[in-house]
Chemist: 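Following this message is one structure expressed as structure tokens.
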Amino acid sequence: MVNYIQVEKHEYVISKQILKSGTSIGANVEEAIGGSSKRDFYAKMHIAYKEARETGYWIKLLKGSKIYCNEDL
């Protein structure tokens with residue numbers, strides 16, 4: 001999706017934010033799994049949750065601005 005938006009729509013700011021926050025979700029989940037305590041696990045999972053919410057926000061902006069919609073792919 002990010003590649004499509006950058007190449008076809010020439011939009012770089014929002015697509016870069018989606019890439020950063022979207023890939024951060026999995027990284028934080030992996031860190032949580034390797035956490036040193038339950039508290040550390042929950043803290044990392046909370047960060048992953050916030051990154052997922054942020055990613056959703058960027059996607060809403062793309063859809064609202066008509067830069068991207070599911071039918072584009």
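As the structure is a prediction and not an experimental result, all values here were calculated from the model.
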Chemist: Could you state the interatomic distance from CE (M45) to CD1 (I25), rounded to the nearest 0.5 Å?
Modeler: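 One finds 10.5 Å between CE of M45 and CD1 of I25.
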Chemist: Would I67 end up clustered with V2 when hydrophobic side chains under 4.5 Å apart are linked, directly or stepwise?
Modeler: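 I67 clusters together with V2.
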Chemist: Roughly how far, to the nearest 0.5 Å, is CD1 of I5 from CD1 of I18?
Modeler: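 Reported value, rounded in 0.5 Å steps: 5.0 Å.
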Chemist: At what distance, to the nearest 0.5 angstrom, does CD of E11 lie from OG of S65?
Modeler: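 These two atoms lie 7.5 Å from each other.
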Chemist: Nearest 0.5 Å, what's the CG-NZ distance between L62 and K9?
Modeler: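 That separation rounds to 10.0 Å.
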Chemist: Would you mind writing out the side-chain donor-acceptor pairs for residues 50-60 within the sub-3.5 Å range, not counting sequence neighbours?
Modeler:
unit_1 : atom_1 : unit_2 : atom_2 : d
E54    : OE2    : W58    : NE1    : 3.0
T55    : OG1    : S21    : OG     : 2.8
T55    : OG1    : G22    : N      : 3.3
T55    : OG1    : E51    : O      : 2.9

Chemist: Taking only residues two or more places apart in sequence or in another chain, which ones pass side chain to side chain contact (heavy atoms under 4.5 Å, CB included) with Y12?
Modeler: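 Side chain to side chain contact (heavy atoms under 4.5 Å, CB included) check on Y12 returns Q6, H10.
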Chemist: Is there a chain of hydrophobic side chains (I, L, V, M, F, W, Y, each step under 4.5 Å between heavy atoms) that links V29 to I47?
Modeler: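 The answer is no; the residues belong to distinct hydrophobic clusters.
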Chemist: Looking at every heavy atom in both D40 and G35, which two are closest together, and how far apart are they?
Modeler: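 In this case the closest contact between D40 and G35 is OD2-CA, 3.2 Å.
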